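One is the number of the first residue; the rest follow in order along the sequence. Bear in mind the structure is a predicted one, so any value in this text is a computation, not a measurement.
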Amino acid sequence: MTSKPQVEPFFHESIGTWIYVVHEGRDAVVIDPVLDYDQRSGRIRTDSAREVLEFIAANDLRVHFILETHAHADHLSSAAFLRARLDVPVAIGSGIASVQDHFASVFAMDRADPALADAFDRLLSDGELFSAGALSIEVMATPGHTADSLSYRIGDNVFVGDTLFAPDLGTARCDFPGGSIDQLYASITRLHALPGDTVLWLCHDYPPEGRERRASVTVEESRRDNRLLSADTSMEAFRKVRSERDAGLAAPKLLYPSLQVNIRGGRLPPAGAGGRRHLCTPLQLEPPADGL
């Protein structure tokens, strides 16, 4: 790959999430955009998305795609908001179908509803190559965290979603529906097989005190220093440490709000009586209790 794109990262502080605008000349894509959501008040804002739009306008960029690495469970996507303003398609991995199948039943959604069935403009598969003007993009399926996880290789850069974190943090969790420790091991091994100077752009960073936040890591550094899965880590060792860590993790605090929006391509639930929209929380009674 000979393309030399520029990468502009935007950091969403409250959820530790990176948003990217990747561009070469005037041609650009947006990767993993965020909608601002305050869970306590239910207030939704578009400040982060508007910051991205301001950068696009200031640099006279022509956006060709909005790309999602997966249906995120820790933040709401602003893909639909940006799509409406940029008039460009939203793309995600073809594995989204299984994620939609699962959560449609969780949220009592009609799987055949066009808002769900046609939520994304383009579904991408492993090995697919496509262009966004001057940008050449290779699709790499990197499941394990979720069934629909993709990475996007653009020049010497790979946008890895939640698959990998900074070396001192490790890797994605694998305890979501469709997640697989063995698949994540294979996906990270695939990323670590890329040339050492390839830059891996992260979806999240939660820096410990005293460390500056990081948007990227090279393949060489990740395969040498990743605390959970370096080049020397066996499948058995990773399976043990990942399963033990996952067993102690709480559900993401925005799990249910995020997935209700993100499996719809960033669209909010339809308005109900009085024009108000609602996000629901499925309840689990443990143990089941009569009379509640």
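You'll find the ring centres of Phe159 and Tyr20 inside the 6.0 Å limit. Between His75 and His12, the distance separating the two ring centers is not shorter than 6.0 angstrom.
Ion pairing of Asp175 with Arg245 is absent here, as no side-chain N (NZ or NE/NH1/NH2) approaches a carboxylate O to less than 4.0 Å. Contact check on Lys240 versus Glu244 returns a salt bridge, with a Lys/Arg side-chain nitrogen under 4.0 Å from an Asp/Glu carboxylate oxygen. Between Asp38 and Arg40 no salt bridge is recorded (no basic side-chain N to carboxylate O distance below 4.0 Å). Ion pairing between Asp205 and Arg211 holds under the 4.0 Å rule for side-chain N and carboxylate O. Electrostatic pairing of Asp87 and Arg83 does not count as a salt bridge here, judged by no charged N lying under 4.0 Å from a carboxylate O.
A donor-acceptor pair under 3.5 Å links the side-chain atoms of Asn157 to the main chain of Ile154, judged by distance alone. Checking side-chain atoms of Ser216 against main-chain N and O of Trp201 turns up no donor-acceptor pair under 3.5 Å. Judged by distance alone, with hydrogens and angles left aside, the side-chain atoms of Ser125 form no donor-acceptor pair with the main-chain N or O of Glu128 at under 3.5 Å. The backbone N or O of Cys174 sits less than 3.5 Å from a side-chain atom of Asp246, completing a donor-acceptor pair. Judged by distance alone, with hydrogens and angles left aside, the side-chain atoms of Asp32 form a donor-acceptor pair with the main-chain N or O of Thr69 at under 3.5 Å. Thr218 places a side-chain N or O within donor-acceptor distance of the main-chain N or O of Glu221, the cut-off being under 3.5 Å. The main-chain N or O of Ser77 is found under 3.5 Å from a side-chain atom of Asn262 such that the two form a donor-acceptor pair. A distance-only check finds a donor-acceptor pair linking the side chain of Arg277 to the backbone of Pro269 [under 3.5 Å]. Between the side chain of Arg223 and the backbone N or O of Thr189 there is no donor-acceptor pair closer than 3.5 Å. In this structure, Tyr152 contributes its side chain and Gly161 its backbone to no donor-acceptor pair below 3.5 Å.
Residues His192 and Ser222 bring a donor and an acceptor atom of their side chains to less than 3.5 Å of each other. His23 and Asn59 share no donor-acceptor pair across their side chains, judged by distance under 3.5 Å alone. Side-chain polar atoms of Asp156 and Thr198 form no donor-acceptor pair below 3.5 angstrom. A side-chain donor from one of Asp148 and Thr146 sits under 3.5 Å from a side-chain acceptor of the other. Residues Ser136 and Ser131 have side chains that never bring a donor and an acceptor to within less than 3.5 angstrom of each other. A donor and an acceptor atom, one from each side chain of Asp36 and Ser48, are located under 3.5 Å apart. Inspection of the Thr17 and His204 side chains reveals an N or O donor paired with an N or O acceptor under 3.5 Å.
Shown here is Arg26, whose CZ atom has more than 12 heavy atoms of other residues, nucleotides or ligands within 6.0 Å.
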Can Ile31 and Val29 be said to form a side chain to side chain contact (heavy atoms under 4.5 Å, CB included), step by step?
-> CA-CA 7 Å; Ile31 300 177; Val29 296; 4.3 Å; yes

Do Gln100 and His102 pass the side chain to side chain contact (heavy atoms under 4.5 Å, CB included) test, and can you show the C-alpha distance, the side-chain angles, and the key distance before you say yes or no?
-> CA-CA 5 Å; Gln100 290 171 319; His102 176 84; over 6 Å; no

Asp74 vs Leu254, side chain to side chain contact (heavy atoms under 4.5 Å, CB included): CA-CA, chis, key distance, verdict = CA-CA 5 Å; Asp74 44 25; Leu254 296 183; 5.5 Å; no

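Taking every heavy atom of both residues into account, Pro257 and Gln39 meet most closely at CG-NE2, 4.2 Å. Looking at every heavy atom in both residues, Ala73 comes nearest to Pro252 through O-CB, 3.5 Å. Heavy atoms only, all atoms of each residue included: Arg111 and Ala104 are closest at CD-CB, 4.0 Å. In terms of heavy-atom proximity, Phe107 sits nearest to Cys280 at CD2-SG, 3.8 Å.
In this structure, Arg122 satisfies the cation-pi test against Phe130, with its NZ or CZ atom closer than 6.0 Å to the six-membered ring centre and inside 45 degrees of the ring normal.
Summarising the hydrophobic clusters (Ile, Leu, Val, Met, Phe, Trp, Tyr; side-chain heavy atoms under 4.5 Å, direct or chained), the residues clustered with Leu184 are Met140, Val158, Val160, Leu164, Ile181, Tyr185, Ile188, Leu191, Leu194, Leu200, Leu202, Val217, Val219, Leu228, Leu229, Met235, Phe238, Val241.
Screening Thr163, Thr171, Asp162 for a side-chain hydrogen bond (donor to acceptor under 3.5 Å, both in side chains) involving His145 leaves a single residue, Asp162.
In this structure, the side chains of Leu82 and Leu53 come closer than 4.5 Å at one or more pairs of heavy atoms.
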